[in-house]
Each structure stands twice: as structure tokens, then as C-alpha cells.
Amino acid sequence: HRWLILENILCPELCREKLCEMLFETFNLPAFSLLVDAVAGLHSTGAQTGMVFQSGNSVTQCVPVYQGHVLMGAITDVNNLEFGGVEITDHLSKLLRDRGEDTVTSEVCDDIKKKLCYVAPNFSKELKQLKCKEYKLPDGKVIKIGKELIQCTEVFFDPTIWGREDKGIHDSIFKSIMNVKNSQIQEKMFQNIVMSGGSAIFEGLDERLTIEMQKIHKKKVNIVEGAFNDRKMRDISNWLGGSIVGSMSGQSWISRENY
């Protein structure tokens, strides 16, 4: 069978060469094709042009895509933020340890993150009015968690709380779109911001991003809900998009004969 393999935009050419060698000489594939993961995520929504914001386990990126192709000329340092789900879990763990919850493991913190954490529409206002949520630990103990639920996700918009110098995802997305020199394509991207990856599932993320983006852009922006209009499917959007592209007749393949 042919294989469709997803790769990151930062994948070095040497890795592609070694991959090609391995697939043909070790696995004896008849053909395979490479697809940038952000492009796959975009295809999962049925679009071919848009700004893809993807946040996964260890990396967060803003990738401008036009007609199914990454605009590499618009990729700069602002497109890549060096944090993801692992760092958010670690920060939540630190916050809980700081208040005396020393028995909470990383696995438990990851579960708390996925089930209870969210993004506040207004961080300072939410701190004053949020209500604690209960979580039952594996040993049966019930703990109450409050401000930590939004402190760990605030890094999306204020990385300085982690001691970082980044400006936040809203600033990165805006600058990434503005790096695209065609104003018509820019506007298309402002109207089609696609969220992808497991760390883009947090409740409230879209609402907060819309608020922060419109402060900068001064115009309406549109954030796509996700594949099949389901925010919770963002963690598999690249897989869904890849399955769509793999079944398209126009997809190009590298054959054993070409190799």
C-alpha cells in the first residue's frame, strides 16, 4: 500500500532523504507522499486557504496556507512558539505543588488539564469571580482547584507569566498573516483561522483569541470551529485532513521507480 506521511514545516531536508531511503529500501513501499501537518489540518475543515494555528504536545505554530500550499516566504520566528501541552501540564503541576498538593502526579495533572482547565475571556476579571472545581484523586481524596485552572492556560496570551519574552498567540497569528504580502490573501486568512491540535481544544480559547485579535486587527476575524464543526475533534484534525488528501485523485506520489 502507498503511505501518506505528515511532516512539520521545520522538518530538515536530510530527514526527508533518510525517510525516503527507509521507506523504499526497508519497507519496500510502492509509493508514498509527504504532506505538511498544518495543510492536513486545514483540509479537515474543507478549506485550502487559511491561517492554521496548531498546538500539540510540545510545539505551537502559526502556518499560513494558500490553495493547499504553505507560504514559506511568510514563515519567520514569530510563527513558532516553543510550548505545548506538556509545558501546560508541567506548569499546572508546579502551581498545585506550590500550594501543598505534593502527591499529585504528572498523569493526574494531565487529566485535570483536559477535564477542568479553560481559557478565561478576561483573566484578571475571572480571577475575582471564578468558582473552585472539585477533582477526585486516584486515592479517593477530593481536592478543590481554583485559579490554577486558568493560570496554566493564560500562557497562550501572556507568556511572560512563565518568564518568556513572547507576545502571545494573538500577536503571532497577526504578524504571521501580515507577513503575507498580498492584502487579499491576508483578509482571507483573517476570515479563516483554523485551530488544530490537542492543545487547541481548551474551552474559551476561541472566544479569547477573537477578543485579542480584534483589538489588534480592528476588524472582524473568524475562527473555524473545527473538523465537522466540532472543537473536540481538533486533536485528530490532521489525521482527518490527511485521510481526505490521501483519497484525492490529484495528490502527487513518489514512486519506487522515481526513487
Evaluate Ser93 against Ser106 for side-chain hydrogen bond (donor to acceptor under 3.5 Å, both in side chains), listing each step before the verdict.
CA-CA 7 Å; Ser93 179; Ser106 294; 4.9 Å; no

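- Proximity of Leu19 to Met22: side-chain heavy atoms (C-beta onward) are separated by under 4.5 Å at one or more points.
- To the nearest 0.5 Å, the span separating CD1 on Ile112 from NZ on Lys133 amounts to 12.0 Å.
- Between Asn80 and Leu10 the shortest side-chain heavy-atom distance falls below 4.5 Å.
- A donor-acceptor pair under 3.5 Å links the side-chain atoms of Gln191 to the main chain of Lys220, judged by distance alone.
- Following chains of ILVMFWY side-chain contacts shorter than 4.5 Å, one can reach Val65 starting from Met72, so the two form part of one hydrophobic cluster.
- Residues Ser58 and Glu87 share a closest heavy-atom pair of CA-OE1, 4.1 Å.
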Take Val155 and Ile88 through the side chain to side chain contact (heavy atoms under 4.5 Å, CB included) test and state the conclusion after the steps.
CA-CA 8 Å; Val155 67; Ile88 294 174; 4.3 Å; yes

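- Other residues, nucleotides and ligands place more than 12 heavy atoms under 6.0 Å from the CD atom of Glu17.
- Aromatic pair Phe24/Tyr259: ring centres closer than 6.0 Å.
- No side-chain heavy atom of Tyr135 sits under 4.5 Å from any side-chain heavy atom of Lys144.
- Counting all heavy atoms, side chain and backbone alike, Glu154 lies closest to Ile161 at CB-CD1, 3.8 Å.
- The NZ atom of Lys175 sits 8.5 Å away from atom CD1 of Ile216, with the distance rounded to the nearest 0.5 Å.
- Nearest heavy-atom pair across His1 and Pro30 is O-CD, 3.5 Å.
- With hydrogens and angles ignored, the 3.5 Å screen pairs a side-chain donor or acceptor of Asn122 with a backbone N or O of Lys125.
- Proximity of a side-chain donor or acceptor of Thr60 to a complementary backbone N or O of Phe83 within less than 3.5 Å is detected.
- Of the options Leu137, Ile145, Leu92, a side chain to side chain contact (heavy atoms under 4.5 Å, CB included) to Val104 is made by Leu137 and by none of the others.
- Using bins of under 30°, 30° to 60° and over 60° for the plane-to-plane angle, the ring pair Trp3/Phe27 lands in the tilted bin.
- In the hydrophobic clustering of this structure, Phe156 groups with Phe174; members are Ile, Leu, Val, Met, Phe, Trp, Tyr whose side-chain heavy atoms approach within less than 4.5 Å, directly or through other members.
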Show your reasoning for whether side-chain hydrogen bond (donor to acceptor under 3.5 Å, both in side chains) applies to Ser255 and Asn258.
CA-CA 5 Å; Ser255 66; Asn258 293 144; 2.9 Å; yes

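- The number of heavy atoms from other shown groups lying within 6.0 Å of CD (Glu187) is above 12.
- Residues Met195 and Leu81 fall within the same hydrophobic cluster, defined by Ile, Leu, Val, Met, Phe, Trp and Tyr side chains chained together at heavy-atom separations under 4.5 Å.
- Under the 4.5 Å side-chain heavy-atom criterion for grouping Ile, Leu, Val, Met, Phe, Trp and Tyr, Leu14 is not connected to Ile5 through any hydrophobic cluster.
- A salt bridge is absent between Glu13 and Arg16: the closest approach of a Lys/Arg side-chain nitrogen to an acidic carboxylate oxygen does not fall below 4.0 angstrom.
- For the pair Phe53/Val194, no side-chain contact is recorded, criterion being any heavy-atom separation below 4.5 Å from C-beta on.
- Arg234 contributes a side-chain N or O that, together with a main-chain N or O of Ala200, makes up a donor-acceptor pair within less than 3.5 Å.
- When atom types are taken as modelled, the side chain of Thr26 and the backbone of Leu23 share no donor-acceptor pair closer than 3.5 angstrom.
- Between Val221 and Thr210 the shortest side-chain heavy-atom distance falls below 4.5 Å.
- Within 6.0 Å of CD in Glu225 there are more than 12 heavy atoms belonging to other residues, nucleotides or ligands.
- Asn79 places a side-chain N or O within donor-acceptor distance of the main-chain N or O of Cys62, the cut-off being under 3.5 Å.
- Ile143 and Ile150 fall within a single hydrophobic cluster, where Ile, Leu, Val, Met, Phe, Trp and Tyr are joined by side-chain heavy atoms under 4.5 Å apart, directly or via other members.
- Looking only at distances, a side-chain donor or acceptor of Glu148 sits under 3.5 Å from a matching main-chain atom of Gly146.
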Sequence neighbours excluded and cut-off under 3.5 Å, please list the side-chain donor-acceptor pairs for residues 31-52, or say none.
from: Ser33; atom 1: OG; to: Gln251; atom 2: NE2; distance (Å): 2.6
from: Ser33; atom 1: OG; to: Ser252; atom 2: O; distance (Å): 2.8
from: Asp37; atom 1: OD1; to: Gln54; atom 2: NE2; distance (Å): 3.2
from: Ser44; atom 1: OG; to: Gly41; atom 2: O; distance (Å): 2.5
from: Thr45; atom 1: OG1; to: Leu42; atom 2: O; distance (Å): 2.7
from: Thr49; atom 1: OG1; to: Gln67; atom 2: N; distance (Å): 2.9

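- Side-chain atoms of Ser172 do not come within 3.5 Å of backbone N or O of Ile169 as any donor-acceptor pair.
- Here Asp111 does not pair with Lys114 in a salt bridge; the nearest charged N to carboxylate O distance is not below 4.0 Å.
- Formation of a donor-acceptor pair under 3.5 Å by the Ser199 side chain with backbone atoms of Gly56 is found in this model.
- A cation-pi arrangement, defined by a distance under 6.0 Å to the six-membered ring centre and an angle within 45 degrees of its axis, is present between Arg208 and Phe157.
- Ionic pairing of Glu101 and Arg99 is present here: one or more N-O contacts between side-chain nitrogen and carboxylate oxygen are shorter than 4.0 angstrom.
- Residues His217 and Ile177 have side chains not in contact (no heavy-atom distance under 4.5 Å, counting atoms from C-beta outward).
- Between the side chain of Thr160 and the backbone N or O of Gly163 there is no donor-acceptor pair closer than 3.5 Å.
- Atom CH2 of Trp253 has more than 12 heavy atoms from other residues, nucleotides or ligands within 6.0 Å.
- Considering all non-hydrogen atoms of both residues, Asp102 and Arg97 come closest at OD1-O, 3.7 Å.
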